[in-house]
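Encoded as structure tokens, the structure appears first; notes follow it.
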Amino acid sequence: MSPAAASSTIRVTLPDGSVKEFDGPVTAYQVAESIGSRLAKAAVGAKIDGELADLQAPITQDCKLAIVTEKTREGNADPDALYLLRHSTAHVMAEAIQRIVPGAQLVYGPPLDTGFYYDIRFPDDRPLKEGDFEAIEAEMAKIVKEDRRFTRYELDAPKGLEKLKGEGSKYKVDNAERAIAASGANGAEGVMLSWYATGEPGKNWEDLCRGPHVPSTGRIGGFKVMSLASSYWHGDETSDRLTRVYGTAFFSKKDLDEYLDRLEQAKARDHRVIGKQLRLFHIDETVGQGLILWTPNGAVVRKELQRFISEELNKQGYLEVFTPNIGRLELFRTSGHFPYYADSQYPPVIERESLAALAAEGCSCAQLSNKLSAGDIDGYLLKPMNCPFHIKIFDSAPHSYRDMPVRLAEFGTVYRWEQSGELNGMTRVRGFTQDDAHLFCTPEQVQAELLGCLSLVKIIFGTLGMKDYRVRVGLRDPDSSKYVGNPENWDKAEAACREAAKTLGVAFSEEPGEAAFYGPKIDFVVKDVIGREWQLGTVQVDYNLPERFDLSYIGPDNKPHRPVMIHRAPFGSMERFCGVLIEHFAGAFPSWLSPEQVRVLPISEKTNDYAERVLAQLKAAGIRATIDTGNDRVQAKIKHAAEMKIPYMAVVGPRDAEEGKVSVRARGVQHDLGAMPLADFVDGLKAEIAERRAELGVKPA
RNA sequence: GCCGCUGUAGCUCAGUGGUAGAGCGCACCCUUGGUAAGGGUGAGGUCGUGGGUUCAAGUCCCACUAGCGGCUCCA
């Protein structure tokens with residue numbers, strides 16, 4: 001700063017619009033003090049012109065300033081404050097780890113939404129284990145107790161680099177070089193690098209860091225080292241392997257405990273946990289990794305969802321088809337799936353004669369692989385996608401422009417070789433059934449067809465009450481060559497997707513690099529209970545496959561024209577969708593989806609006969625009902641039914657039997673709703689199911 | 001695929017080198033009870049698989065396998 005600037009008046013505008021004037025540079029802390037000592041004490045950082053900064057950062061010119069405190073005015077945790085705290089805790093953890101494991105080299109330690117991590121390179125003979133967490137936390141506790149100030153200092157880039165090189169950490173040198181490059185400066189001249197000492201520079205631990213941080217370690221009220229993972233330097237799997245240590249931190253122990261408690265509760269909602277409890281699906285080691293066995297209860301949910309979507313498809317003029325699970329390699333060579341994606345498919349199946357002939361000539365595995373790639377021998381592939389089959393159906397008869405669009409739909413099961421570490425319950429599997437369809441249309445129809453597809457997705461999400469999703473428009477990555485097709489078509493398709501997405505009335509993000517190799521797409525993405533994102537529905541425009549398969553239709557000019565394809569799957573896959581849906585409802589499905597819709601609970605054996613008659617009438621009405629004639633007391637029967645999250649219980653005793661009534665108890669309600677005539681209950685429930693209502697609404701008149 | 005953790009009864013889990021346990025569920029018996037667990041008896045286990053150390057291994061070591069968390073990947 002120049003002396004002139006230092007002496008001039010500085011106007012600081014606060015969030016309420018008020019302006020404070022200062023004679024010369026001040027810090028955010030001083031501004032806070034000038035407002036009130038309590039604010040100064042509560043302050044953990046500042047936002048200067050919208051940028052997070054240290055409380056001690058000098059303010060040398062007019063600016064907008066907000067003091068960041070632990071809690072917002074509304075009393076909620078302030079995300080900015082947590083960001084500062086967690087970034088600071090990452091430093092504390094790194095210091096603790098370096099005390100415990102000498103020679104551990106720091107790489108990169110950013111805050112996250114729920115905590116922070118630090119990527120660290122450990123000596124090969126001293127990897128970090130979970131057993132080290134206790135010692136790390138103990139060291140961290142000491143540092144927190146010492147309440148050391150985070151102190152920033154700067155060096156110009158040449159000096160800074162020299163210092164880092166002297167310290168021998170190639171990772172920190174790399175970080176500095178990247179920071180210099182990112183600054184846009186030509187070379188290192190004039191660029192400043194910053195360090196933060198946890199305490200006094202030169203005396204205490206320090207780290208090359210852009211900051212900002214909370215004022216001191218004493219602000220860290222609750223923290224925990226959470227987990228270990230392996231990661232790659234710069235995210236590049238051919239580069240150095242690093243150990244990523246995850247942790248989290250809060251301003252108070254209470255907040256930490258609440259967070260850990262929430263994590264526990266989320267686990268109870270996990271589809272893998274509920275899937276077991278409610279016996280919805282099973283994965284068996286002997287069957288194979290990532291292959292879902294749909295048990296009877298889960299099969300009901302899936303079947304009802306399929307029936308739902310099939311009804312919608314009928315309304316929208318789709319035609320249903322069936323295709324086999326395997327097809328000739330030749331088909332997938334034409335489509336481009338083989339061999340370009342060979343690594344993510346199950347290996348090909350080879351015909352018996354070919355195999356025998358190859359064995360006779362002593363063919364090695366490597367040679368076999370080459371022959372398959374080259375097309376010297378044929379084989380069959382478990383299908384990784386349904387589209388080539390649907391294309392062949394389209395191509396099996398000539399089409400006039402008057403027939404277009406042709407919409408072919410199938411619940412088609414596909415198989416993909418996902419990496420073992422990726423598999424995850426029902427949400428990431430190796431065999432799954434897409435609610436797939438391929439629309440063959442004229443270029444003019446693309447826009448309207450896209451809209452039709454999106455409306456389908458909206459109907460599904462609306463019926464199921466899923467509001468918490470985001471829409472992603474996947475565009476090609478300009479730097480990548482993995483895409484096929486000509487740029488003009490890509491431009492057209494991308495524009496069509498963008499236009500269609502706009503009509504959704506939901507915010508969407510455009511993401512370069514997220515396109516399929518054959519075209520851009522619109523994806524619907526939801527989060528699971530632990531915050532991981534999963535893509536569900538997808539709509540993809542494809543100018544490529546019609547080209548590869550030389551598809552055509554006859555236009556009004558009596559000449560062949562190239563159709564455009566749209567791939568779409570509103571659920572995505574039945575497996576992933578059901579997995580997400582289980583978590584969405586926490587297993588408490590609406591009546592129409594519930595595997596068991598009503599359980600009849602006789603109060604004692606004396607009412608079993610009447611209960612059986614009630615059951616028979618429910619079943620006759622097409623309701624999925626069961627009866628519990630065990631010799632438990634009704635309290636126990638209710639508990640068991642509640643644990644299975646059954647929508648309705650029909651409690652029947654002598655009083656009900658006499659009047660032809662049932663005492664209905666709805667899920668989530670602590671008492672019965674009163675006795676009602678059986679016929680009323682049946683009618684009410686039938687309507688609720690038929691309308692696919694999201695809420696339980698049957699009650700006595 | 002990579003790093004860490006985990007694998008004991010159908011489910012949830014205890015068991016730290018010396019005779020395999022609990023709760024729930026299941027079967028049977030008693031109880032016939034009106035809204036979230038009545039009581040009893042019993043069956044059920046090559047402790048993920050294969051090696052090793054040891055007089056002795058569910059327990060310690062190695063390899064493999066599967067699951068979990070993350071990384072990378074995802075047509």
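Numbers restart at 1 for each chain; the letters A, B, ... are given by sequence-line order, proteins then strands.
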_Can you tell me the base-pairing partner of B:U32? Count Watson-Crick or G-U wobble geometry only, both distances below 3.5 Å, and say none if there is no partner._
none
*Whole angstrom is fine here: how far is it from NZ in A:K639 over to C1' in B:G33?*
18 Å
*Ignoring hydrogens and angles, does a donor from either the side chain of A:D656 or the base of B:G34 sit under 3.5 Å from an acceptor on the other?*
yes
*If you look at every strand shown and take non-hydrogen atoms under 4.0 Å, does A:D236 touch a base, only sugar-phosphate, or nothing?*
nothing
*Quick one: is A:R272 getting a side-chain N or O under 4.0 Å of the B:G69 phosphate, OP1 or OP2?*
yes
*Determine the contact category for A:I283: base if any of its heavy atoms lies under 4.0 Å from a base atom, sugar-phosphate if only primed atoms, P, OP1 or OP2 are that close, otherwise nothing.*
nothing
*asked:* Can you see if the side chain of A:Q419 gets near the phosphate of B:C74 - specifically, an N or O under 4.0 Å from OP1 or OP2?
replied: no
*Would you say A:S604 reaches B:G33's phosphate, i.e. side-chain N/O to OP1/OP2 under 4.0 Å?*
no
*Look at the aromatic rings of A:Y415 and A:Y346 and report parallel, tilted or perpendicular, splitting at 30° and 60°.*
perpendicular
*Examine B:U12: is either OP1 or OP2 under 4.0 Å from a nitrogen or oxygen in the side chain of A:K276? Give yes or no.*
yes
*Which part of the nucleic acid does A:R665 contact within heavy-atom distance under 4.0 Å: base, sugar-phosphate only, or nothing?*
base
_Counting the atoms with a prime plus P, OP1 and OP2 as sugar-phosphate, which does A:Q670 contact under 4.0 Å by heavy atoms, base, sugar-phosphate, or nothing?_
base
_Tell me whether the rings of A:Y117 and A:Y108 are parallel (<30°), tilted (30 to 60°) or perpendicular (>60°)._
perpendicular
*Give a yes/no on whether any side-chain N or O of A:H640 is located under 4.0 angstrom from OP1 or OP2 of B:C24.*
no
_It should be established whether A:N424 places a side-chain nitrogen or oxygen under 4.0 Å from OP1 or OP2 of nucleotide B:G67._
no
*asked:* Just so I know, are the side chains of A:F440 and A:L408 near enough to count as touching, which here means a heavy-atom distance under 4.5 Å?
replied: yes
*If you look at every strand shown and take non-hydrogen atoms under 4.0 Å, does A:Q434 touch a base, only sugar-phosphate, or nothing?*
nothing
